[in-house]
Trainee: 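Provided herewith is a single structure, encoded as structure tokens, for subsequent inquiry.
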Amino acid sequence: MSYVAAIDQGTTSSRCIVFDASGSIVSVAQREHRQIFPRPGWVEHDAREIWEAVRQVVSEAVGSLEIAAVGITNQRETTLVWDRATGEPVANAIVWQDTRTDAQLRRFDQAFGEKAFRQRTGLPLAPYFAGSKLAWLLENGFHERAKRGELLFGTMDSWLIWKLTGRHLTDVTNASRTLLMNLETLDWDPEILAAVDIPRAMLPEIRSSAEVYGEVNEGPLAGVPLASALGDQQAALFGQTCFAPGEGKCTYGTGSFLLLNTGTSPVTSQHGLLTTVGYRIGDRPAVYALEGSIAVTGSLIQWLRDNIGLISSAAEVEELARTVPDNGGCYLVPAFSGLFAPHWRSDARGALVGLTGYVTKGHIARAALEATGWQTREVVDAMLADGDTPLAELRVDGGMTRNGLLMQFLADVLRVPVVRPTVAETTCLGAAYAAGLAVGFWPDTDALRANWQRDATWQPLLANEEVEREYGQWNKAVERTLNWV
Ligand SMILES: Nc1ncnc2c1ncn2[C@@H]1O[C@H](COP(=O)(O)OP(=O)(O)O)[C@@H](O)[C@H]1O
Ligand SMILES: O=P(O)(O)OC[C@H](O)CO
């Protein structure tokens with residue numbers, strides 16, 4: 001029997017999962033890598049360490065299984081430059097959460113204009129995206145070498161494709177997160193590249209998300225076609241089988257990302273959502289999505305565990321939150337990387353407000369979980385304000401969906417049922433599905449839809465007036481975080 005493997009290179013860890021034809025998990029391996037914080041607001045990864053982690057998880061998960069195809073999914077926007085000749089990174093990768101690039105973004109604005117960036121790329125000028133991170137690296141010692149063609153740029157998909165096959169490629173979903181790709185042509189925009197002075201020679205070729213890029217050249221996957229790459233949030237959209245316009249999902253991991261399939265033409269948001277490529281299968285038309293990106297959700301729980309010591313495991317946050325019936329008047333806005341959608345305010349920083357002598361650890365745990373609910377509500381409200389059809393239900397996945405208290409709170413504040421599928425590893429599943437489609441392991445997307453199964457559903461229970469009163473308090477708390485830096 002043969003299987004399909006997926007490599008998920010995430011923000012905090014790398015995973016390899018092998019799936020069978022029913023989309024069930026056959027084996028899993030996972031390995032964490034270091035988070036490097038050289039200064040406040042800076043976040044880096046060592047790409048060599050990540051590559052070693054990927055090799056190990058592939059060895060462990062694949063073993064001697066027969067694999068028909070392998071796919072990649074990855075943390076998006078994280079930016080790496082490496083030497084074309086030696087294959088060695090020239091510096092640590094700059095991670096998507098990093099906020100160091102305000103000066104580069106001012107230069108982008110002066111050279112091409114925020115409005116033009118939005119029109120061409122679907123993105124606001126924010127440090128989140130890869131373009132200004134690449135500009136920062138070029139300005140800090142690498143511009144001449146890049147112009148001479150000695151250096152290559154890539155997000156983590158490109159880095160892994162390069163390591164696994166020796167080719168310098170990216171897929172259209174990852175390229176759509178750079179501020180450098182034109183959403184209509186699905187290629188690098190020559191006018192943007194000229195305006196911001198990024199050499200075309202260092203950029204990878206943009207391919208579809210599901211096609212054979214080459215054969216893996218080492219390890220237990222040697223000779224196996226590498227047949228998909230998708231940014232992790234787009235992969236989750238694919239894994240949740242949101243193939244029709246109007247279908248959407250939210251993935252709750254380090255950050256949280258709500259994506260809504262909008263069909264084969266890009267739709268522009270007037271309320272702070274991104275336009276992004278959802279996926280492209282081979283030479284079929286690209287499918288676009290609107291996205292509400294939330295920077296800090298699960299990482300707030302990690303911060304309470306690792307930096308504050310409030311809990312000793314992520315799961316404990318639920319236990320602690322259940323020691324109290326409500327938030328005791330306290331609100332935690334985790335604007336650690338500024339605020340992403342729908343605000344796009346890089347000047348914001350986190351705040352814990354509403355404190356009184358009454359507030360206990362339990363209230364803070366509850367406020368931390370509620371922050372994820374309210375941030376999702378802000379994104380859903382932005383979609384409604386844009387005139388998008390309300391979601392009939394929200395499909396969810398990711399590590400935080402193990403938290404029943406949070407899932408109930410989400411259903412309460414969104415006023416729609418929240419639904420978790422049986423395979424919660426939808427990110428890997430999406431990459432496996434795309435790779436499997438590319439090699440004919442699955443015949444079509446209908447076969448994938450048939451695999452999707454409901455595991456748990458949470459219905460809205462809380463009275464509407466109470467939700468709206470609390471939401472008002474949350475909005476006041478958000479205002480307190482603005483204009484901080
Ligand atoms: N029971 C839980 N309650 C709340 N958050 C949780 C729970 N279990 C895990 N998490 C959070 O989920 C995140 C891990 O989810 P995962 O989907 O593996 O993330 P990623 O792919 O972004 O690394 C961590 O940030 C962790 O704090
Ligand atoms: O690695 P994750 O799951 O935290 O996802 C990160 C996102 O892709 C950032 O855009």
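First listed ligand is number 1; within each ligand, the first listed atom is number 1. Residues: numbered from 1 along the sequence shown.
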Trainee: Minimum heavy-atom separation for M181 and D187, please, with both atom names.
Mentor: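 Of all heavy-atom pairs spanning M181 and D187, the closest is CG-O, 3.5 Å.
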
Trainee: Return the option from T251, T427, N74, D232 holding the heavy atom at the smallest distance from atom 3 (O) of ligand 2.
Mentor: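 The nearest heavy atom belongs to D232.
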
Trainee: Over 60° means perpendicular and under 30° means parallel, so classify the ring planes of F117 and F108, tilted if in between.
Mentor: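 If you compare the ring of F108 with that of F117, the planes turn out parallel.
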
Trainee: For ligand 1, which atoms sit closer than 4.0 Å to a heavy atom of T12?
Mentor: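 Listed by number with element: 23 (O).
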
Trainee: With a 4.0 Å heavy-atom cut-off (strictly under), which part of S13 contacts ligand 1: side chain, backbone, both or neither?
Mentor: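 Neither; nothing of S13 gets under 4.0 Å from ligand 1.
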
Trainee: Step by step, would you call N327 with E470 a side chain to side chain donor-acceptor pair (under 3.5 Å)?
Mentor: CA-CA 10 Å; N327 61 23; E470 283 292 306; 3.0 Å; yes

Trainee: Students should be able to answer this: which protein heavy-atom is nearest to atom 1 (O) of ligand 2, and at what distance?
Mentor: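 Of every protein heavy atom, T11 OG1, 2.7 Å lies nearest to atom 1 (O) of ligand 2.
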
Trainee: Counting C-beta onward and ignoring hydrogens, is there a side-chain heavy-atom pair between Y3 and V18 closer than 4.5 Å?
Mentor: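 Of all side-chain heavy-atom pairs linking V18 with Y3, at least one is under 4.5 Å.
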
Trainee: Look at the side chain of T173 and the backbone N and O of Y279, then say whether any donor-acceptor pair between them is shorter than 3.5 Å.
Mentor: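 Such a contact is absent between T173 side chain and Y279 backbone.
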
Trainee: Need the ligand 1 atom indices (1-based, order shown) with element for anything under 4.0 Å from a heavy-atom of I301.
Mentor: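 Under 4.0 Å from I301, ligand 1 has these atoms: 5 (N), 27 (O).
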
Trainee: Aromatic contact between F37 and W42, with the criterion being ring centroids under 6.0 Å apart: yes or no?
Mentor: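 No, the ring centres sit 6.0 Å or more apart.
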
Trainee: So, is R177 polar-close to ligand 2, with some N/O to N/O distance under 3.5 Å?
Mentor: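 No, there is no polar N/O contact under 3.5 Å.
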
Trainee: Which ligand 1 atoms, with their elements, are less than 4.0 angstrom from a heavy-atom of S299?
Mentor: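 Selected atoms, number and element: 25 (O).
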
Trainee: So, do W162 and W51 have ring centers that fall under 6.0 Å from each other?
Mentor: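 No, the ring centres sit 6.0 Å or more apart.
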
Trainee: At a 4.0 Å threshold, what atoms of ligand 1 neighbour a non-hydrogen atom of G398?
Mentor: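 Counting atoms of ligand 1 from 1, those under 4.0 Å from G398 are 17 (O).
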
Trainee: Compute the minimum heavy-atom distance from T11 to ligand 1 and say whether it is under 4.0 Å.
Mentor: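 T11 does not count as a contact of ligand 1 under the 4.0 Å cut-off.
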
Trainee: Are F153 and W159 close enough that their ring centres sit under 6.0 Å apart?
Mentor: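 No, the ring centres sit 6.0 Å or more apart.
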
Trainee: With under 30° as parallel and over 60° as perpendicular, where do the rings of F257 and Y128 fit, or are they tilted in between?
Mentor: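 Ring orientation of F257 relative to Y128: parallel.
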
Trainee: Going by the atom numbers of ligand 2, which of them fall below 4.0 Å from some non-hydrogen atom of T254?
Mentor: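 So the atoms of ligand 2 that pass are 4 (O).
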
Trainee: Could you find the nearest protein heavy atom to atom 22 (O) of ligand 1 and give me its residue, atom name and distance?
Mentor: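 Result: T254 OG1, 2.6 Å.
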
Trainee: Can you sort out which atoms of ligand 2 are near G10, meaning under 4.0 Å from one of its heavy atoms?
Mentor: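 Near G10, the atoms of ligand 2 are 1 (O).
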
Trainee: Where does E77 meet ligand 2, judged by heavy-atom distances below 4.0 Å: at the side chain, the backbone, both, or neither?
Mentor: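 Under 4.0 Å from ligand 2, E77 contributes side-chain atoms alone.
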
Trainee: From the options Q75, E425, R15, select the one whose nearest heavy atom is closest to atom 21 (O) of ligand 1.
Mentor: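 When every heavy atom of Q75, E425, R15 is considered, R15 comes closest to atom 21 (O) of ligand 1.
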
Trainee: For Q302, is at least one N or O under 3.5 Å away from an N or O on ligand 1?
Mentor: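 Yes, at least one N or O pair falls under 3.5 Å.
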
Trainee: Using heavy-atom distances, let me know which of G255, G10, A315, A321 sits nearest atom 1 (N) of ligand 1.
Mentor: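 Closest candidate by heavy-atom distance is A315.
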
Trainee: List every atom of ligand 2 that sits less than 4.0 Å from any heavy atom of Y128, numbering the atoms from 1 in the order shown and giving each element.
Mentor: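 Going through ligand 2 atom by atom, the ones under 4.0 Å from Y128 are 9 (C), 10 (O).
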
Trainee: Identify the closest protein heavy atom to atom 26 (C) of ligand 1: which residue and atom is it, and at what distance?
Mentor: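 Among all protein heavy atoms, the one nearest atom 26 (C) of ligand 1 is G298 O, 3.9 Å.
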
Trainee: If you measure from atom 19 (O) of ligand 1 to every heavy atom of G253, A368, S256, G404, which option wins on shortest distance?
Mentor: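 Selected option, by shortest heavy-atom distance: G253.
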
Trainee: Heavy atoms only: which of S313, G399, S14 is nearest to atom 15 (O) of ligand 1?
Mentor: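 That would be G399.
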
Trainee: What do you reckon, are the aromatic ring centroids of W303 and F336 less than 6.0 Å apart?
Mentor: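 Centroid separation for W303 and F336: below 6.0 Å.
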
Trainee: Before signing off on this row, confirm whether R76 and ligand 2 have an N or O atom pair separated by under 3.5 Å.
Mentor: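 Between R76 and ligand 2, an N or O pair is found under 3.5 Å apart.
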
